[in-house]
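Note that these values count all heavy atoms, side chains included, but never hydrogens, waters or copies made by symmetry.
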Amino acid sequence: MRIGTGRATGHHGELLQGVFEGSDGRLHRGLMTLPMAREDSVATFWPRPDGTISTRPENRTKAARAAKLALTHLGLAQAGGDLTIENSIPVGHGYGSSTADVVAAIRAVADAAGTTLRSDTICRLASEAEGASDAIAYEDQTVLFAQREGRAIEHLGGELPPLIVIGIRALCAPIDTLALPRARYSTFEIEMFRALRGAARRAVLYQDPRLLGKLASCSALISQRHLPKPQFHEFVQLAEAHGACGVQVSHSGTLVGALFDATQRGLEAEILPFMDALQETGRRKITAFAVNAELDFLS
Amino acid sequence: MKHAANFLAAYEMPRPVQLRRNLFAAFFPLMKLLPARFMLDRAVDEGLLKQGGHIIETTSGTLGLALAMLSAIRGYKLNLVSADSLIDDVMLRRLTSLGATVNIVGDPGKTGAQIERVNALQEMRRQMPTAFWPHQYDNPHNRQAYGRLTEWILDRFGQVDCLIGCVGSGGSLCGTGGFLREMFPQLTMIAVDTHRSSLFGHVPGPRLLRGMGNSIRPANLWQNMIDEVHWVGALPAFAATRQLYRDHAVYAGPTSGAAALVAGWYAQTNPEKKTLVILPDEGHRYQATVYDDHWLALQQGWPLPVPSGPETLERIEPRGEEAWTRLAWCRGSTEDT
């Protein structure tokens with residue numbers, strides 16, 4: 001083995017989250033992640049022959065467990081090593097900081113073993129290490145992902161449509177993802193998720209940010225019934241007034257984001273006043289990033 | 001729930017048809033399979049329907065056929081109540097060939113014998129207290145079944161501006177429209193009814209056009225979702241059904257003809273609106289009637305050319321079987337008007 005490195009990005013919550021019928025005909029909890037490439041976790045793995053894993057910073061137990069699972073998967077169960085993690089993703093708001101560590105650790109171990117793993121494998125190992133994870137290992141590929149099972153329900157077959165996301169943290173305390181009670185969806189909501197899945201397929205197939213925005217808004221509204229975010233409706237109104245094509249939330253975090261069609265002409269003239277208006281409502285921290293888009297005015 | 005690889009799961013879905021530049025149709029072979037399957041699945045989930053259990057329902061139409069098909073495949077016993085004025089020999093043989101028992105009540109007045117049928121059903125419920133009654137008119141699962149159609153619509157056509165469909169139980173139109181409105185609150189919904197149906201305030205009476213309209217007002221019809229109501233008489237529906245076959249090779253029943261008539265007019269007068277119309281069944285049941293020129297020639301008022309547009313009404317007002325009327329409903333209710 002050699003010294004290996006791995007990287008994984010954060011995310012800004014979900015575009016869609018609910019329950020979805022799998023190929024087995026049963027319902028599975030699932031989500032579509034909104035990746036945020038500007039923040040990331042970088043892991044470096046220094047192999048040692050003694051079988052134990054140590055981390056720096058100390059006590060990154062999920063990442064250590066993930067490294068061990070990756071070694072076992074690669075047939076190197078007796079190996080160990082030192083895992084260093086440098087992570088710029090804020091913790092506890094729903095940016096997927098801990099999953100990014102886990103995915104980066106698995107990739108670093110694979111790199112140390114001179115190989116790369118499939119996204120499906122990384123997600124399965126990540127979910128085993130963490131209990132629940134997100135679809136960040138798929139990067140810009142759109143996947144309907146069963147977060148508690150660590151596997152894809154459906155590959156939607158492409159990258160997300162071009163979007164600009166302007167996000168804030170809702171004014172509430174950080175959330176422990178695994179401690180949250182699971183949402184009990186009504187029959188209507190379950191069937192609505194079925195319909196939204198159809199819209200998601202088309203939005204990806206035809207790279208349609210506006211249809212994606214509408215389905216994300218719908219999913220966010222359902223989420224609001226189960227895990228309400230303060231001032232959500234005020235945010236939606238403000239976003240719509242500034243030409244957003246939808247809103248999204250982190251279903252187990254505090255994030256709320258406005259989605260803009262990155263192909264729209266004169267978008268800057270909509271987004272900058274929107275960010276100013278958000279500032280006026282007293283938000284200190286505004287996150288702005290692009291997904292599958294070529295725009296430079298945000299930097 | 002486990003229907004992903006099932007033959008009837010494919011059968012319950014429509015085929016897409018483009019009728020105009022801005023008009024698309026969901027053309028079902030047998031739409032009622034969708035709510036029938038969904039109501040049975042939910043009943044199984046809720047413990048109301050056991051393996052080998054008993055199902056009872058009052059229907060003479062395609063819901064009965066759908067229940068009979070599902071019962072045959074899944075091993076349920078099925079008792080249907082109908083009236084001699086509503087059921088034809090071909091349908092009766094299809095149902096009994098699938099193993100269903102059909103109880104037929106007499107209906108000399110040809111009004112549909114709604115009360116007699118309900119009485120017969122209630123008597124059956126007393127005799128078989130554990131039997132499952134889908135109760136399609138009031139069961140919310142009838143509406144909720146149309147999430148699967150909405151998925152199909154969104155996947156194929158994306159955002160639609162207007163949804164048009166016939167109303168009998170209200171399930172397909174209010175169900176599909178309810179899901180679509182969650183995403184597109186501005187969606188226009190147009191209900192297609194027929195004269196002397198009580199759904200939108202006519203006094204119920206004999207109707208030549210079956211399979212849509214109703215003598216009662218089901219709970220699954222949410223009037224306050226509807227933007228516009230059309231009442232299509234049997235004759236323009238028959239003419240439109242034949243035209244639909246002649247122009248598009250869509251071999252559909254007369255309720256589909258009525259819906260296509262309204263949808264064609266709406267799409268033409270609103271060329272900027274992407275319109276979707278639900279066509280609920282195929283024409284095989286109507287081979288000896290709507291598709292038979294001799295039978296048509298015997299109908300009073302026939303021949304009748306396909307009308308180019310409806311007469312716009314100011315208030316609720318029934319007309320003859322030759323008429324096609326419309327009323328701006330504005331998401332109101334019978335009580336408002």
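Cation-pi check for A:R197 over A:F193 is not met; the charged atom does not lie both under 6.0 angstrom from the ring centroid and within 45 degrees of its normal.
Within the 3.5 Å criterion, the main-chain N or O of B:L199 finds no donor-acceptor partner in the side chain of B:N214. No donor-acceptor pair under 3.5 Å is formed between the side chain of B:Q144 and the backbone N or O of B:G147.
For the side-chain hydrogen bond (donor to acceptor under 3.5 Å, both in side chains) with A:H226, the lone residue among A:Q17, A:H251, A:R184, A:E189 that qualifies is A:E189. Checked options B:T255, B:L163, B:V192; the residue passing with B:I278 is B:L163 (criterion: side chain to side chain contact (heavy atoms under 4.5 Å, CB included)).
Residue B:R143 does not touch chain A at all, counting heavy-atom pairs closer than 4.5 Å. Looking at B:Y146, there are no atoms closer than 4.5 Å to chain A (heavy atoms on both sides), in backbone or side chain.
A donor-acceptor contact under 3.5 angstrom links the side chains of A:Y95 and A:R169, judged on distance only. Residues B:Q223 and B:T334 bring a donor and an acceptor atom of their side chains to less than 3.5 Å of each other. Using a 3.5 Å distance cut-off with no hydrogens or angles, the side chains of A:R210 and A:Q264 do pair a donor with an acceptor.
A salt bridge links A:R194 with A:E191: the closest approach of a Lys/Arg side-chain nitrogen to an acidic carboxylate oxygen falls below 4.0 angstrom.
In this structure, the side chains of B:F24 and B:K274 come closer than 4.5 Å at one or more pairs of heavy atoms. Proximity of A:M32 to A:F20: side-chain heavy atoms (C-beta onward) are nowhere separated by under 4.5 Å. The closest side-chain heavy-atom distance from B:L63 to B:L67 is below 4.5 Å.
For a heavy-atom cut-off of 4.5 Å, chain A lies close to no residue in residues 49-56 of chain B. By a heavy-atom distance cut of under 4.5 Å, not one residue of residues 152-163 of chain A is near chain B. Residue-level contacts of residues 241-248 of chain A with chain B do not occur; threshold 4.5 Å between heavy atoms.
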Review point. Hey, mind stepping through B:F132 and B:Y76 against ring-ring contact (aromatic ring centres under 6.0 Å, His included) and telling me if it holds?
Key: CA-CA 10 Å; B:F132 171 63; B:Y76 298 123; 9.0 Å; no
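Screening residues 165-183 of chain B for side chain to side chain donor-acceptor pair (under 3.5 Å), with sequence neighbours left out, gives B:N142-B:S169, B:R181-B:D227.
Note on A:T187, A:L221, A:L211: by heavy-atom pairs under 4.5 Å with chain B, the leading option is A:T187.
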